[in-house]
Structures are given as C-alpha cells and as structure tokens.
Protein chains: 2
Amino acid sequence: MNRKIMPGEKKRLTTGRQKQILDAAVKVFSQKGFSGATTKEIAKEAGVAEGTIFRYFKTKKEILLGLVGPYIAQSLAETIDETSDKSDRIVLKAVIKNRLELIKKNIDLVRLLITEAQFHSDLREQFTEKIVLRSAGLLEAFIARKVQSGEYRNIDPRIASRALAGMVAIFVLWKEFLFGDKYIAFDEEEVIETVVDIFLNGILNKRGKEAAAQ
Amino acid sequence: MNRKIMPGEKKRLTTGRQKQILDAAVKVFSQKGFSGATTKEIAKEAGVAEGTIFRYFKTKKEILLGLVGPYIAQSLAETIDETSDKSDRIVLKAVIKNRLELIKKNIDLVRLLITEAQFHSDLREQFTEKIVLRSAGLLEAFIARKVQSGEYRNIDPRIASRALAGMVAIFVLWKEFLFGDKYIAFDEEEVIETVVDIFLNGILNKRGKEAAAQ
DNA sequence: CCAAAATATGAGTGAGTACTCACTATTAGT
DNA sequence: ACTAATAGTGAGTACTCACTCATATTTTGG
C-alpha cells in the first residue's frame, strides 16, 4: 500500500525525478523567467514527458515553490564559521570568497530567486528568511562583536554589514545580471582585495596602521 | 496627407497617446513582468482600447523597447554637476541623495529595466550604455581626479566608484525589490551618512582628520 | 457644415499554453 | 510467472493571449 521507507532516506531530494525536474526548472526559469518558461520546455530539459511533471507538481507555480524547501537549503544555505585567530583582513576575504563561490556555483538559482521574488510573495518570504536574513545575520554579528570590543568604530552593524555586502554584490550583479565582461572585466581577486581594504580602513578604529601600498 | 509638424515639437513624447501607453506599460510590466503582463491590462491601465496600442507599437516587445529612447532619457538621465568647492563629504552625500530621489521617483521603471534587461539583450544594451555606464562614468571620473591629486589613496577608481554605488544600491534593492520595511526599516539619512563616512575614511589619504563621533 | 482623412474601437482569430487522462511500461511482492 | 500497484507518456482540452480588421468616432480643412 505505502512504499517502504528506507532507513536513511526520509526526503531524498538529492536524487530522483523530483530533483531532476527542479534542476531543469531552475535552468529554464532563469533563462526565460517564470512566465516566459513553458512546462514543455522544462520537460524537455529534464528529459521526461510533460505529463510526468504534473505527477510531481500540481501546477507550474508549485514547481517554483518546490525550489525553496530542501532544494535551496541544499544549494545555498551552507554556513561558514571562521572563528579563527587570523586577521580581519584574512577572515573577511575568506568569507567573501566562500560566498562568491557559492553564488557562482548556483548563479542560475540566485538570478531566478532575485528576479521572481518580486512577483511571488511566498517565494520572497522563504528566500528572505532562509537565505538572506540568515547570511546578513552572520556578518552583522561579526561586525557587532568588533564594534563592541572597540576594534571597529561605533557604526551601526546592520548598516556596515550591508554596505560591505553591497560593495561585493554590485560586481556580481554587474557581471552576472547585466553585462558579463563586455564593458569591463574585473579581476575578482583585485576587487575583493580593494573592497575589503576600503571597508576595513573605513571602519577600523585608528591606531598605528599600515599605510596603503603604493 | 502627413500632419503638420509644429515648430517646437519634433518628437513630443512628453504627452499624447504614446506617452500615455508607455506610462501604463511601465506600471503593468513592473508589477507582472514583461511576460506576465497582458496587452489588455496595459490598454485598460492606459484608458484606451487594446487595438489602439497596436496603432502605436507593432508588437508587445516594441512597447518595451519604446521605453529606452527619449522616455528613459527623460526619466533617468538627468545629470548633476557638483563642481563645487564644498567638501567631499557634502558633495558625495548630495550626489547620492540626488540619485536616490531620481530612482525613487522612477522606481517602477528601474525595477522593470533591471528585471527585463536579463532577458532582452537589446533592452540591456540601451539601458547599459545610456544610463549605467554614463552614471558610473561620472562618479569614476570624480574619484579618478581625487586619486590623481593625491587626496585619495591609490585605488582603482573603477572599483572604488562601483563599491560606493554598491553600498548605496543594496539598501535600495533591499527596500524596493525584496522586503519593503518588513524586517528592518533603515533611515535613509543615517544610511547615507554612514556609507559616505565608511567610504571616505576608507579611501582618504591619511592626514590629521576628525575622529569618529562617539 | 460637409467630406475626407486620421484615429480609435473591441469582437474575432489563430497560435500556443497549462493541465488532464486514458493508456502503456516498469517495478515489487509472492 | 503472474498480478497489482506505481510511474511515465503524449495527444487532447479548455482557455488565454498577442495581434487584426471591419466598423465607428473624431478631427481637419475648406
């Protein structure tokens, strides 16, 4: 009557039809937008018949919403704890690089989420609470600690954390959303280095500090 | 046979059916996305019959492209020349505020352009060249001058200008794209103040400078 | 005022869409 | 090997959409 549940499986989303369809959906949705994509295309991309899709998802919209559960968590919710004794410069650069890697690996999903979050409030809420606020919170907490310890100047960590995120984000948007390398190709390493440099210089409490390299 | 052209008119896009339809299109497109919007809705919003739309635009796509000509220029291409003797702090804050006002006044158009630029390369190119690169160029030049004069540290102005833009942009995206004031309501004045502060502190060549307010 | 030109209308059309369902293929239990 | 349950299929269905066009209204010029 009901299929046996294997010990370790519970919700095996990593594999199987469902995952296969969601993977295809991310690709097609991100290329054409939700409204512009057709279920026929998704089926083709997934290598299944159109009807099969509706065995796993009642509606097209439900496919989109299917992305915010385990799927997103699996793709984007990795966490990093650099509770190290390394310098801020190193830690921040590492965090940023890690984040960028994650985004680049899932750029289709990210573009899709940002684009469609505008139009689907249910998607927006999940995306916000599961990904954005959580990520923002980590960086915010890090900065708040430094402010409290007096290492950083007394700047609102909610603003500072977002400012730093924004500095990096704009280069991702620039490249992945709009222009590719058509107008300017930025060197990622140099961008990160510069951004962290401006940020730390801007927020550190002044002490005898190293001068900027000429 | 052909209608008389009044002396000063040439292309009067500021008024008339065309403008009326474009205004409606911005509203509907930005709410539903290009694919999700229907010509019927646009017609209704514009207060004309559906057929009338196709008297002014051959296709739906052409309505979208109609937005990038004089329409965009008129809405977003205002320029500011703060060739002043005021302090950087004042100038930058003024520039940012001016830019934010412009964006807020045309937020529907901005959202639409950012969203649809992904899917329509013709729109993307116009938007990029007419708006984005031009705006970026102004700030870039400003910073480049300061770097050359030795006021700012030797930081790539292309990166620095975008970093500053990103710091501000993320708060606009945060509010207008995703969350409104649902999670955190930022005070615009404070955000600008803080961002400029971090940026200038981060990029200024060190001299006897005012300490951060406690 | 009138006719002719320009403009506006909205029911109609064909293409294309999300979704259904009667059917086929595969798998699992014995 | 047989059977029942499950999974997969793709042509068909009801509907929506961009776009057309015959007709109606407004504007123009004399």
Side-chain angles (χ1 to χ4, degrees), chain A residues 1-7 9 11-29 31-67 112 116 119-120 122-123, chain B residues 1-7 9 11-13 15-67 112 116 119-120 122-123:
Chain A
M1 193 157 269
N2 46 6
R3 65 199 252 313
K4 266 193 234 154
I5 303 283
M6 288 308 199
E9 90 168 336
K11 279 184 181 176
R12 76 219 141 84
L13 186 63
T14 30
T15 174
R17 281 288 109 90
Q18 193 133 346
K19 172 72 155 45
Q20 185 182 347
I21 293 169
L22 288 175
D23 283 341
V26 166
K27 198 165 172 190
V28 178
F29 282 155
Q31 272 164 17
K32 314 263 178 118
F34 175 76
S35 295
T38 68
T39 49
K40 198 174 179 182
E41 252 177 313
I42 296 173
K44 194 176 167 195
E45 178 70 37
V48 299
E50 204 176 349
T52 303
I53 286 182
F54 292 94
R55 175 169 288 282
Y56 290 90
F57 302 94
K58 275 207 287 292
T59 63
K60 184 185 170 188
K61 177 78 185 270
E62 213 176 72
I63 306 175
L64 183 66
L65 294 180
L67 292 171
L112 173 59
E116 298 302 333
F119 308 125
H120 310 273
D122 28 25
L123 184 69
Chain B
M1 194 157 267
N2 45 8
R3 65 197 248 313
K4 264 192 231 154
I5 303 284
M6 287 310 200
E9 88 169 338
K11 280 184 183 176
R12 83 221 133 87
L13 185 64
T15 174
R17 281 287 110 91
Q18 194 132 345
K19 173 72 157 42
Q20 185 182 349
I21 293 168
L22 287 177
D23 283 341
V26 166
K27 199 165 171 190
V28 178
F29 283 156
S30 80
Q31 273 164 17
K32 315 260 178 120
F34 175 77
S35 294
T38 68
T39 49
K40 198 175 180 181
E41 256 177 310
I42 296 173
K44 196 177 166 193
E45 177 72 36
V48 300
E50 205 177 348
T52 303
I53 287 180
F54 291 95
R55 175 169 288 281
Y56 291 89
F57 302 94
K58 275 207 286 292
T59 64
K60 184 187 172 188
K61 177 78 185 272
E62 212 175 73
I63 305 175
L64 184 66
L65 294 181
L67 292 171
L112 172 60
E116 298 301 333
F119 308 124
H120 309 274
D122 28 26
L123 184 67

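We name chains A, B, ... by the order of the sequence lines, and we start the count at 1 in each one.
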Sugar-phosphate, base or nothing in reach of A/Ala37, heavy atoms under 4.0 Å: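 Since only primed, P, OP1 and OP2 atoms lie under 4.0 Å of A/Ala37, the category is sugar-phosphate.
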Between C/dA6 (P) and B/Gln18 (CD): distance, integer Å: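 Rounded to the whole Å, the gap is 18 Å.
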Whole angstrom value for the distance that separates C1' of D/dC17 from NZ of B/Lys44: 16 Å
CD on B/Gln18 to CD on B/Gln20, rounded to 0.5 Å: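 If I round to the nearest 0.5 Å, the distance is 11.0 Å.
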Gap separating the CD1 atom of A/Ile53 from the NZ atom of A/Lys60, nearest 0.5 angstrom: 10.5 Å
Positions of residues 53-63 of chain B (non-hydrogen atom under 4.0 Å from DNA chain C), listed by number: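 Residues of residues 53-63 of chain B under 4.0 Å from DNA chain C: B/Arg55, B/Tyr56.
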State, to 0.1 Å, how close [X] and [Y] come at their nearest heavy-atom pair, and which atoms those are.
{"X": "B/Ile21", "Y": "B/Ala46", "value": "CA-CB, 4.2 Å"}
{"X": "A/Ala24", "Y": "A/Ile42", "value": "CB-O, 3.7 Å"}
{"X": "A/Glu62", "Y": "A/Tyr56", "value": "OE1-O, 4.4 Å"}
{"X": "B/Phe119", "Y": "A/Gln31", "value": "CD2-O, 3.2 Å"}
{"X": "B/Gly66", "Y": "B/Leu22", "value": "O-CD1, 3.8 Å"}

Listed once per pair and sorted, the salt bridge (charged side-chain N to carboxylate O under 4.0 Å, His left out) pairs that draw on residues 35-46 of chain A, sequence neighbours left out: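 Qualifying pairs: A/Lys27-A/Glu45, A/Lys32-A/Glu41.
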Residues which pass salt bridge (charged side-chain N to carboxylate O under 4.0 Å, His left out) with B/Glu50, listed by chain and number, not counting sequence neighbours: none
Test ring pair (Phe, Tyr, Trp, His ring centres under 6.0 Å) applied to B/Phe57 - qualifying residues, sequence neighbours left out: none
Plane angle bin for B/Phe29 and B/Phe34 - parallel if under 30°, tilted between 30 and 60°, otherwise perpendicular: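 Geometry flag for B/Phe29 against B/Phe34: tilted rings.
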Distances under 3.5 Å between nitrogen or oxygen atoms of protein and nucleotides 10-15 of chain D:
{"unit_1": "D/dG10", "atom_1": "N7", "unit_2": "A/Gly51", "atom_2": "N", "d": "3.3"}

Under-4.0 Å side-chain N/O to phosphate OP1/OP2 contact, B/Thr39 with D/dA18: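 For B/Thr39, the contact criterion (side-chain N or O under 4.0 Å from OP1 or OP2 of D/dA18) is met.
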A/Arg17 vs D/dG8: side-chain N/O to OP1/OP2 distance below 4.0 Å: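 Looking at the OP1 and OP2 atoms of D/dG8, one of them is under 4.0 Å from a side-chain N or O of A/Arg17.
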Range-with-range stems for DNA chain C, at least three Watson-Crick or G-U pairs under 3.5 Å: C:1-30 with D:1-30
